[in-house]
Amino acid sequence: MDAKLTIVDVTGSTNDDLLEAGKQGATHGTGLAARAQTAGRGRRGHKWDSTAGNLLLSIVLRPCVNPAKYSGLAAVSGLAVLEALGKQGLANEIGLKWPNDLVARGRKLGGILVEAARDNEGRPFAVCGIGVNVNYVPSEVPDGGLAAIGLSDLNKNVPTVDTLLDAVYHAVVEGVDTWEKCLNTMESSVGPLAPILDDYVARLNWIGNHVIARSPAGEELARGIFRTVDDYGRANIETEGGLRAFHFEEASLRPLSA
């Protein structure tokens with residue numbers, strides 16, 4: 001294992017631990033994985049079932065980009081996780097669900113939670129938390145969420161969690177480093193997804209399909225055809241009244257048939 005990646009048996013939340021470590025100056029690439037968590041969480045504060053047997057990993061990220069563009073880190077990390085799983089021969093059925101989930105067979109395989117902060121010297125950083133179901137599949141589903149699936153449901157031979165941790169950890173750090181370099185060669189006006197946009201859209205579920213956009217409270221905001229995501233990460237939906245764009249903090253998408 002890389003010296004920057006530490007594995008513990010149990011903790012409350014790897015993201016919480018690294019947010020504190022980041023405030024104390026933890027360097028770019030500092031990683032923490034846990035066999036289990038007692039207070040794991042996902043997007044919008046949803047509980048993340050963190051029973052032993054799955055991949056539970058957080059990484060401190062300090063890319064040298066405008067902190068306003070940290071919103072691209074979830075997509076960058078999602079593609080990196082897919083790349084890592086692909087090299088293990090595990091990604092054939094796996095795609096991305098806007099903005100931050102891994103899905104397979106219409107079910108949720110994993111999620112990514114990026115939280116930005118500043119350290120005690122005022123420097124920006126982010127913590128990327130990654131959870132992937134490997135050998136255990138949660139039965140509890142958040143309101144309006146997808147049922148879960150695990151890598152062991154998709155493949156007969158799945159590497160050990162430690163092998164997957166090592167692959168995912170390195171892929172995410174390398175992916176963020178590459179994104180940083182590419183973004184810094186582009187005009188400052190481009191959105192944070194500009195360096196990866198084509199790859200990201202190509203791996204997204206439901207592009208070209210009818211979807212419903214719902215607010216965090218469950219209110220229907222729009223329905224129409226999910227056309228694409230722009231370089232600012234906004235989902236573009238073609239409705240009867242024209243094209244509408246939704247930021248990931250505004251909405252979640254579900255297929256119209258669900």
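As a basis for the values below, the full set of heavy atoms in this structure was taken, side chains included, without hydrogen atoms, waters or symmetry mates. Here the structure is a predicted model, which is why all the values come from computation and not from measurement.
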From Ile59 atom CD1 to His170 atom NE2, the distance as rounded to the nearest 0.5 Å: 9.5 Å

Measuring from atom CH2 of Trp98 to atom OG of Ser252, what distance do you get when rounded to the nearest 0.5 angstrom? 6.5 Å

Anything under 3.5 Å between a donor and an acceptor, one on a side chain of residues 233-240, the other on a protein residue two or more places apart or in another chain? List them.
residue : atom : partner : partner atom : Å
Arg234  : NE   : Asp230  : OD2          : 2.7
Arg234  : NH2  : Asp230  : OD2          : 3.0
Asn236  : ND2  : Arg234  : O            : 3.0
Glu238  : OE1  : Arg227  : NE           : 2.6
Glu238  : OE1  : Arg227  : NH2          : 2.8
Thr239  : OG1  : Gly241  : N            : 3.2
Thr239  : OG1  : Gly242  : N            : 3.3
Thr239  : OG1  : Gly242  : O            : 2.7

Scan residues 184-209 for pairs that pass side chain to side chain donor-acceptor pair (under 3.5 Å), counting only residues two or more places apart or in two chains. none

Do Leu85 and Leu151 come close enough that some side-chain heavy atom pair is under 4.5 Å? yes

Going hydrophobic residue to hydrophobic residue with side-chain gaps under 4.5 angstrom, can you get from Tyr232 over to Trp179? no

From CA spacing to verdict: side-chain contact (heavy atoms from CB on, under 4.5 Å), Arg214, Glu219: CA-CA 5 Å; Arg214 295 192 182 277; Glu219 174 190 1; over 6 Å; no

So, for Ser71 and Phe248, which heavy atoms are closest and what is the spacing to 0.1 Å? CB-CE2, 4.0 Å

Taking the side chain as every heavy atom from C-beta outward, state whether Pro192 and Tyr70 have any atom pair closer than 4.5 Å. no

Tell me whether the count of non-hydrogen atoms from other residues, nucleotides or ligands lying under 6.0 Å of CG in Asn157 goes above 12. no

Consider only side-chain heavy atoms of I, L, V, M, F, W and Y, link residues closer than 4.5 Å, and tell whether Val190 and Leu193 are in one cluster. yes

Donor-acceptor pair, Thr30 side chain versus Thr27 backbone, under 3.5 Å? yes

Are side-chain heavy atoms of Glu180 and Cys64 found at a separation under 4.5 Å? yes

Linking I/L/V/M/F/W/Y whenever their side-chain heavy atoms sit closer than 4.5 Å, directly or via other members, would Leu253 and Ile225 fall into one cluster? no

Tell me, do Ile94 and Val103 make a side-chain contact under 4.5 Å, heavy atoms counted? no

The side-chain contact (heavy atoms from CB on, under 4.5 Å) partner of Leu96 among Asp101, Leu82, Val201 is Leu82

Would you say Val10 and Val132 are hydrophobically clustered, going by side-chain heavy atoms of ILVMFWY under 4.5 Å? no

With side chains defined as the heavy atoms from C-beta onward, is the minimum distance between Gln88 and Thr163 less than 4.5 Å? yes

With the side chain counted from C-beta on, respond yes when Val158 and Val134 share a heavy-atom pair under 4.5 Å apart, and no when they do not. yes

Measure across Cys128 and Ile112 and return the closest heavy-atom pair with its distance rounded to 0.1 Å. SG-CG2, 3.8 Å

Are the side chains of Ile7 and Arg35 in touch, meaning some heavy atoms are under 4.5 Å apart? yes

Does atom CZ (Arg107) have a neighbourhood of more than 12 heavy atoms from anything else shown, all under 6.0 Å? no

All N/O donor-acceptor pairs, side-chain side in residues 19-26, below 3.5 Å, sequence neighbours left out:
residue : atom : partner : partner atom : Å
Glu20   : OE2  : Gln24   : NE2          : 3.0

Side chain Lys69, main chain Leu183, donor-acceptor under 3.5 Å: no

Separation between CG (Leu18) and CG (Leu61), nearest 0.5 Å, reads 9.5 Å

On a heavy-atom basis, the closest approach of Pro195 and Cys182 is CB-CB, 3.7 Å

Between Ile149 and Ala104, what is the shortest heavy-atom contact and its length? CG2-O, 3.9 Å

Side-chain touch Leu154/Arg105, heavy atoms, less than 4.5 angstrom: yes

CD1 (Ile212) and CG (Leu256) are apart, to the nearest 0.5 Å, by 5.0 Å

In this structure, OG of Ser215 is separated from CD of Glu220 (nearest 0.5 Å) by 10.0 Å

Heavy atoms only: give me the nearest His28-Lys4 pair and the separation to one decimal. O-NZ, 2.9 Å

Grab the two heavy atoms, one from Ala34 and one from Gln37, that are nearest each other, plus how far apart they are. CB-CG, 4.3 Å

Matching residue for Ser58 among Asp16, Asn15, Thr11 - test: side chain to side chain donor-acceptor pair (under 3.5 Å): Asn15

Separation of Leu32 CG from Thr6 OG1 (nearest 0.5 Å): 6.5 Å

Test side-chain contact (heavy atoms from CB on, under 4.5 Å) applied to Asp231 and Met186, step by step: CA-CA 12 Å; Asp231 64 355; Met186 296 179 168; over 6 Å; no

Are Leu243 and Val229 connected, step by step, through hydrophobic side chains (Ile, Leu, Val, Met, Phe, Trp, Tyr) whose heavy atoms are closer than 4.5 Å? no

Can any side-chain N or O of Asn54 pair as donor or acceptor with the backbone N or O of Asn133 at less than 3.5 Å? no

